[in-house]
Undergrad: 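Got a structure for you, questions after.
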Amino acid sequence: MADVVFKHVNKLFQGGVVAVDDFNLEVHDKEFLILVGPSGCGKSTSLRMVAGLEEMTSGEISIGGKVVNDVPPKDRDIAMVFQNYALYPHMTVYKNMAFGLKLRKYPKAEIDKRVQEAANILGIQDLLDRKPKALSGGQRQRVAVGRAIVRKPKVFLFDEPLSNLDAKLRVQMRTEISKLHNRLETTMIYVTHDQLEAMTMGDRIVVMKDGKILQVDDPITLYDHPRNLFVAGFIGSPPMNFIRGRLTSEGGNLFFDEGSIKVQLDERLMTPQAQNYASQPVIFGIRPEDIHDPAETRDIRPNTLVKAKVEVIEPVGSESIWYLSSSHSTFIAKVNSHVKAEVNRDKEMVFNVSKAHLFDPATEQAIV
């Protein structure tokens with residue numbers, strides 16, 4: 001078993017700066033878990049504490065059922081892939097990959113077998129005699145991953161490994177790492193600030209802010225049911241629209257009313273909890289992909305049409321991003337690129353209220 005368990009883990013830096021605050025999490029055996037959040041949220045510090053590169057202030061971390069608080073990094077049976085690759089510049093690719101095994105005094109034949117196996121998995125057989133300076137960024141990253149693979153560790157740790165690559169190569173390497181996880185069936189903990197990376201790779205995602213865990217869920221649940229305003233705005237691209245207004249009750253129905261935007265909530269949001277907010281301020285959340293031009297949908301429910309002015313149109317291939325404004329608010333819609341609109345002209349848009357969210361403006365927690 002290679003589960004990783006955090007129990008009430010805290011990390012304070014000099015001056016009382018809280019990096020990780022009461023971190024409780026169980027990473028399951030063979031799981032691909034992603035830690036995601038903005039810079040400074042504590043995700044890399046959490047990863048480094050698993051590796052033993054950072055000492056925790058309090059709490060407990062166990063790997064495979066064994067508490068590792070006092071276990072040196074070299075004895076934790078983990079392998080880490082860094083953002084900057086951390087390759088030895090004077091060594092060939094082969095020697096870089098073999099170095100950790102040599103230190104552990106593995107037989108030469110076993111070292112060669114493991115290096116060749118890893119090179120075949122990553123498609124770098126032809127690079128074994130080169131030095132890092134002769135490699136591209138993507139090739140260096142593969143070597144860094146290969147150096148981790150040869151160790152055959154219980155747990156792989158990835159600290160923003162793709163952030164130095166260009167956009168196209170990042171997409172390619174995302175796929176390669178996902179395939180690698182399926183092939184090796186090893187526990188992986190992966191840190192990134194890129195929510196798209198998190199959504200496309202992880203079995204589960206941990207969203208962090210200010211050293212705290214805000215939500216742990218699979219990607220679809222995280223997208224469809226964010227528990228608070230931060231998670232709702234962090235997951236999704238373009239981010240969710242947030243419109244401030246009030247809930248009103250009319251004829252047994254609930255409406256969100258911003259002044260110039262007024263839409264009727266559907267049955268999913270008509271809960272006793274939401275009813276308690278009648279006549280109260282709320283934040284209405286709706287994703288850009290859930291706002292449509294009437295030409296795109298036949299499902300136009302009563303009281304879901306909103307008139308707004310088109311400010312900017314950004315074509316992005318098969319879709320276009322429209323920036324719109326009402327009298328009091330601005331919002332973004334993601335529509336089919338074949339749907340036409342004119343800048344500085346009013347346009348009626350359909351709000352898919354079945355996908356909408358409500359948040360308490362004081363606590364920022366989801367109401368439904």
Side-chain angles (χ1 to χ4, degrees), residues 1-2 4 27-34 47 50-51 63-64 73-74 76-192 197 200-203:
M1 292 289 288
V4 179
V27 186
H28 305 137
D29 183 39
K30 300 180 182 177
E31 183 176 25
F32 197 148
L33 184 103
I34 310 276
L47 195 77
V50 177
I63 299 174
K74 66 182 179 65
R76 294 193 180 195
D77 201 7
I78 56 93
M80 190 160 178
V81 179
F82 296 91
Q83 180 178 351
N84 61 359
Y85 319 137
L87 301 177
Y88 298 107
H90 61 288
M91 292 184 182
T92 63
V93 167
Y94 185 99
K95 289 181 178 178
N96 262 286
M97 292 171 65
F99 186 69
L101 300 179
K102 285 184 69 177
L103 284 181
R104 288 166 176 76
K105 304 195 183 315
Y106 277 76
K108 191 174 180 180
E110 177 66 14
I111 292 173
D112 187 64
K113 179 187 172 187
R114 291 196 182 193
V115 170
Q116 296 295 343
E117 280 179 356
N120 286 334
I121 289 171
L122 295 164
I124 54 173
Q125 309 95 310
D126 298 337
L127 307 178
L128 294 175
D129 293 329
R130 296 191 195 177
K131 290 185 178 178
K133 66 180 180 182
L135 304 178
S136 67
Q139 290 170 333
R140 290 179 195 179
Q141 189 55 274
R142 287 171 189 266
V143 175
V145 172
R147 185 175 55 188
I149 289 174
V150 297
R151 296 266 312 281
K152 297 185 178 178
K154 284 183 181 176
V155 181
F156 283 95
L157 307 176
F158 293 87
D159 190 8
E160 304 212 31
L162 309 184
S163 59
N164 289 336
L165 304 180
D166 63 60
K168 184 177 179 181
L169 199 50
R170 271 206 307 273
V171 173
Q172 182 184 338
M173 285 303 296
R174 279 206 311 258
T175 306
E176 292 298 327
I177 292 173
S178 294
K179 284 162 60 177
L180 188 64
H181 174 254
N182 293 334
R183 181 166 181 169
L184 299 179
E185 295 187 330
T186 308
T187 307
M188 291 186 176
I189 307 176
Y190 187 105
V191 161
T192 180
E197 241 172 66
T200 53
M201 296 174 74
D203 297 324

Undergrad: Ignoring hydrogens and angles, tell me if any N or O in the side chain of Thr187 forms a donor-acceptor pair with the backbone of Ala2 under 3.5 Å.
TA: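 Present.
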Undergrad: Could you measure the distance from the CD1 atom of Ile149 to the OG1 atom of Thr186? Nearest 0.5 Å is fine.
TA: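 Ile149 CD1 to Thr186 OG1: 9.0 Å, rounded to 0.5 Å.
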Undergrad: What distance do Lys133 atom NZ and Leu87 atom CG have between them, rounded to the nearest 0.5 Å?
TA: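 Going from the NZ atom of Lys133 to the CG atom of Leu87 covers 14.0 Å.
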Undergrad: Which heavy-atom pair separates Thr92 from Leu128 by the least distance, and what is that distance?
TA: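 Smallest heavy-atom distance, with atoms named: CB-O, 3.5 Å.
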Undergrad: Can you tell me if Gln139 uses its side chain to pair, donor with acceptor, with the backbone of Ser136 under 3.5 Å?
TA: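 Such a contact is found between Gln139 side chain and Ser136 backbone.
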Undergrad: Measuring from atom CD1 of Ile177 to atom CG of Leu184, what distance do you get when rounded to the nearest 0.5 angstrom?
TA: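 One finds 11.5 Å between CD1 of Ile177 and CG of Leu184.
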Undergrad: Do you know the tightest heavy-atom contact between Arg76 and Val50?
TA: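 Taking every non-hydrogen atom into account, NH1-O, 2.9 Å.
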Undergrad: If you look at every heavy atom in Ala98 and Ile111, which pair is closest and at what distance?
TA: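 Closest heavy-atom pair between Ala98 and Ile111: CB-CG2, 3.5 Å.
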Undergrad: Going by the ring-ring contact (aromatic ring centres under 6.0 Å, His included) test, which pairs reach into residues 90-122, not counting sequence neighbours?
TA: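 Residue pairs passing ring-ring contact (aromatic ring centres under 6.0 Å, His included), neighbours aside: Tyr88-Phe99.
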Undergrad: As an exercise, state the distance from CZ of Arg140 to CG of Asn84, rounded to the nearest 0.5 Å.
TA: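 If we round to the nearest 0.5 Å, Arg140:CZ and Asn84:CG are 11.0 Å apart.
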Undergrad: For residues Asn96 and Pro132, determine if any side-chain heavy atom of one lies less than 4.5 Å from a side-chain heavy atom of the other.
TA: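 Result yes, sub-4.5 Å side-chain heavy-atom pair found.
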Undergrad: Taking Asn120 for the side chain and Gln116 for the main chain, is one N or O donor matched with an acceptor at less than 3.5 Å?
TA: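 Present.
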Undergrad: Could you state the interatomic distance from OH (Tyr190) to CG (Leu157), rounded to the nearest 0.5 Å?
TA: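 Answer for the OH-CG pair, Tyr190 versus Leu157, is 13.0 Å.
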Undergrad: Hey, are the side chains of Ile124 and Met97 touching, using non-hydrogen atoms and a 4.5 Å cut-off?
TA: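 Result yes, sub-4.5 Å side-chain heavy-atom pair found.
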Undergrad: Determine yes or no for a side-chain-to-main-chain donor-acceptor pair under 3.5 angstrom, with Arg174 supplying the side chain and Glu197 the backbone.
TA: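 No, the answer is negative, given that no donor and acceptor are paired below the 3.5 Å cut-off.
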Undergrad: Take Glu176 and Gln141 through the test side chain to side chain contact (heavy atoms under 4.5 Å, CB included) and record every step on the way to the result.
TA: CA-CA 11 Å; Glu176 292 298 327; Gln141 189 55 274; over 6 Å; no
Undergrad: Do Asp77 and Ile63 have side chains that get closer than 4.5 Å, going by heavy atoms?
TA: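 No; the side chains remain at least 4.5 Å from each other.
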Undergrad: Side-chain contact, heavy-atom cut-off 4.5 Å: Met201 with Met188?
TA: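 Sidechains of Met188 and Met201: no contact.
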Undergrad: Please report the closest heavy-atom contact between Leu165 and Arg170, naming both atoms and the distance.
TA: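 It is O-NH1, 2.9 Å.
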Undergrad: Hey, is the main chain of Ala86 close enough, under 3.5 Å, to the side chain of Arg147 for a donor-acceptor pair?
TA: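 Confirmed, Arg147 side chain pairs with Ala86 backbone.
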Undergrad: Is a donor on one side and an acceptor on the other found under 3.5 Å between the side chain of Arg151 and the backbone of Ile78?
TA: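 The answer is yes, because a donor-acceptor pair under 3.5 Å joins these two groups.
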Undergrad: Checking the side chain of Asn164 only, and the main-chain atoms of Gln83 only, is there a donor and an acceptor separated by less than 3.5 Å?
TA: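 Side chain of Asn164 to backbone of Gln83: a pair is present.
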Undergrad: If you look at every heavy atom in Ala79 and Pro153, which pair is closest and at what distance?
TA: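 Scanning both residues completely, I find the closest heavy atoms to be CB-CG, 3.6 Å.
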Undergrad: Would you check if Lys74 and Arg104 make a side-chain contact, meaning some heavy-atom pair closer than 4.5 Å?
TA: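 Yes. Closest side-chain heavy atoms under 4.5 Å.
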Undergrad: Using 0.5 Å steps for rounding, measure from the CE atom of Met173 to the NZ atom of Lys168.
TA: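 Rounded to the nearest 0.5 Å, the CE-NZ separation comes out at 15.0 Å.
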Undergrad: Check the angle between the aromatic planes of Phe32 and Phe158 and answer parallel, tilted or perpendicular using the 30° and 60° thresholds.
TA: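 It falls in the parallel class, under 30°.
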Undergrad: Which pairs with one or both residues in residues 121-131 pass salt bridge (Lys or Arg N to Asp or Glu O under 4.0 Å), sequence neighbours excluded?
TA: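 Every pair satisfying salt bridge (Lys or Arg N to Asp or Glu O under 4.0 Å) with a residue in residues 121-131: there are none.
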Undergrad: Counting C-beta onward and ignoring hydrogens, is there a side-chain heavy-atom pair between His181 and Asp203 closer than 4.5 Å?
TA: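 In short, these two side chains touch, coming nearer than 4.5 Å.
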